[in-house]
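To find a chain, count down the sequence lines: A is the first, B the second, and so on, and within it residues start at 1.
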Protein chains: 2
Amino acid sequence: MDDIMEKFPNQRKRQKDFKCSIGFAMTVIGSKWGAIILWHILKSPHIRYGELKKSIPNISHKILSLELKRLEMDGLIERIAYPTIPPKVEYNLTEKGRSLDNILTELCLWGRKYMV
Amino acid sequence: MDDIMEKFPNQRKRQKDFKCSIGFAMTVIGSKWGAIILWHILKSPHIRYGELKKSIPNISHKILSLELKRLEMDGLIERIAYPTIPPKVEYNLTEKGRSLDNILTELCLWGRKYMV
DNA sequence: CAGTATCCTAAACGATACTG
DNA sequence: CAGTATCGTTTAGGATACTG
C-alpha cells in the first residue's frame, strides 16, 4: 500500500513549512471534510464507517476513506476493526482528537450564527 | 472588474451546499491562508498591506490580494484606503471578524501544542 | 461491510510582469 | 504602495468499478 501521506502531498509540506501554529492547525482540520468528520465522530463515539457515510451528505466514498486514514495517521482518531465477516469498523476520537472539542463546538456555533 | 467570487467558485458552492454549519465555517476560514491572515489582522489592527505581506512568510502577492478581497466580501474585514500618493491601505476586523477571536486563539494554542 | 484502484475535473495556489 | 492580469503547476476532490 502506498503511504497515505503521498495522497496529501501539500498537506505534509504545509505541516513542515508552517512556522505559524494556526497554519499548522489548519492543515490538520482545514480540509473540506476534515472538521465535519471529526465533529460527527465526536458526537457519535464508536460510529461505524457506513453510518458516518450516511450522516455526511455528499461526501464521496474515496474521500471519506482517505480522510479517515489521514486523521488516523495524524493521531486524531482511532480505528477499531472487528475481524468478522462482513467486517465491522468503528471510529473514535483519541485524546488529541477530543482536545479539539471546544474548537469544533465554537466553529459550529459560529457557522450557525452567520450562515445565510 | 470580475466578481471576486468567481475566483473562488468552489468556496461559493460550498457555502450554499453545506447544511452543516461547521462546513460553512470552514469555507470562510478554512483556506490555506485565511485563518492566518485573520489572525495577523486581529493582532495588529490597522495593519497595512505591505506589513501584512512581510509578516506572513511565503504568501504570494496574488493570494494575499485575493484572500483580502474575499474576506472583505465575506464581511470579516474592512478595508480603509487613503487616497494619497503613494496609496495607503489599512485592514481591520469587523465585528463579525472579531467574533472569531476565541476560535483563532484556540487554534493557535492547539497548533502550538501539537506542532512537531 | 468497508474498503482500494483508476481515471478524471476543477479549483487552489503560485511566479512574474505590469499599472495608477 | 497596493494592487491586477496572465500565465502555468499542483493538488484536492469526485465517479465509478473492483475486492477480501
> Is the phosphate of D:dA2, meaning OP1 or OP2, less than 4.0 Å from a side-chain N or O of B:Arg48?
Replying inline: yes
> NE2 of B:His61 versus P of D:dA2: gap in Å, rounded?
Replying inline: 10 Å
> Given atom CD1 of A:Ile56 and atom C1' of D:dG13, what is their separation to the nearest angstrom?
Replying inline: 15 Å
> How are the rings of B:Tyr49 and B:Tyr91 set relative to one another: parallel (under 30°), tilted (30 to 60°) or perpendicular (over 60°)?
Replying inline: tilted
> If only side-chain N and O atoms of A:Tyr49 are considered, is one of them under 4.0 Å from the OP1 or OP2 phosphate oxygen of C:dT4?
Replying inline: no
> For D:dT4, what is the paired nucleotide under Watson-Crick or G-U wobble rules, both distances under 3.5 Å?
Replying inline: C:dA17
> Of B:Leu66 and A:Pro86, whose closest DNA chain D nucleotide lies nearer the 5' terminus?
Replying inline: B:Leu66
> Does A:Trp33 have a side-chain nitrogen or oxygen under 4.0 Å from the phosphate oxygens OP1 or OP2 of D:dG14?
Replying inline: yes
> How long is the line joining CE of B:Met26 and P of D:dG13, in whole Å?
Replying inline: 11 Å
> Of all the nucleotides listed (D:dT4, C:dA2, C:dG14), which has the minimum atom distance to the side chain of A:Pro87?
Replying inline: C:dA2
>> Expressed as a whole number of angstroms, how long is the span from A:Lys53:NZ to D:dT16:C1'?
In response: 12 Å
>> Can you list everything that forms a side chain to side chain donor-acceptor pair (under 3.5 Å) with A:Thr105? Sequence neighbours excluded, please.
In response: A:Asp101
> With nearest nucleotides of DNA chain D determined for A:Ser60 and B:Lys88 from heavy-atom distances, which residue corresponds to the more 5′ nucleotide?
Replying inline: B:Lys88
>> Could you walk me through whether A:Leu38 and B:Ile22 satisfy the side chain to side chain contact (heavy atoms under 4.5 Å, CB included) test, starting with their C-alpha distance in whole Å, then the side-chain angles of each, then the deciding distance to 0.1 Å, before giving a yes or no?
In response: CA-CA 10 Å; A:Leu38 288 172; B:Ile22 283 200; over 6 Å; no
> Given C:dT4, is OP1 or OP2 found less than 4.0 Å from the side-chain N or O atoms of A:Lys7?
Replying inline: no
> Could you give the CD-to-P distance, from A:Glu6 to D:dT11, as a whole number of Å?
Replying inline: 12 Å
> Is it true that the side chains of A:Ser31 and A:Glu67 contain a donor and an acceptor less than 3.5 Å apart?
Replying inline: yes
> Nearest of C:dA2, C:dT4, C:dG20 to any side-chain atom of A:Lys69?
Replying inline: C:dT4
> In whole angstrom, what separates A:Ile63's CD1 from C:dT4's C1'?
Replying inline: 13 Å
>> Can you tell me if B:Arg79 touches the phosphate of D:dA2, counting only side-chain N or O atoms and a distance under 4.0 Å to OP1 or OP2?
In response: no
>> As a test of reading the structure: which of C:dA2, D:dG3, C:dC13 is closest to the side chain of A:Val89, going by heavy atoms?
In response: C:dA2
>> Base, sugar-phosphate or nothing for B:Tyr91? Non-hydrogen atoms, less than 4.0 Å.
In response: sugar-phosphate
>> If I take atom CD in residue B:Glu67 and atom P in nucleotide D:dT4, what distance separates them, rounded to the nearest angstrom?
In response: 14 Å
> Are any side-chain N or O atoms of B:Lys96 and backbone N or O atoms of B:Asp74, one a donor and one an acceptor, separated by less than 3.5 Å?
Replying inline: yes
> What about B:Leu109 and A:Leu100, same hydrophobic cluster or not, with Ile/Leu/Val/Met/Phe/Trp/Tyr joined at side-chain heavy-atom distances under 4.5 Å?
Replying inline: no
> Can you check the B:Asn58 CG to C:dC13 P distance for me, whole Å?
Replying inline: 14 Å
> Of all the choices, D:dT4, D:dG14, C:dC13, which nucleotide is nearest to the side chain of B:Lys62 once you look at every atom?
Replying inline: C:dC13
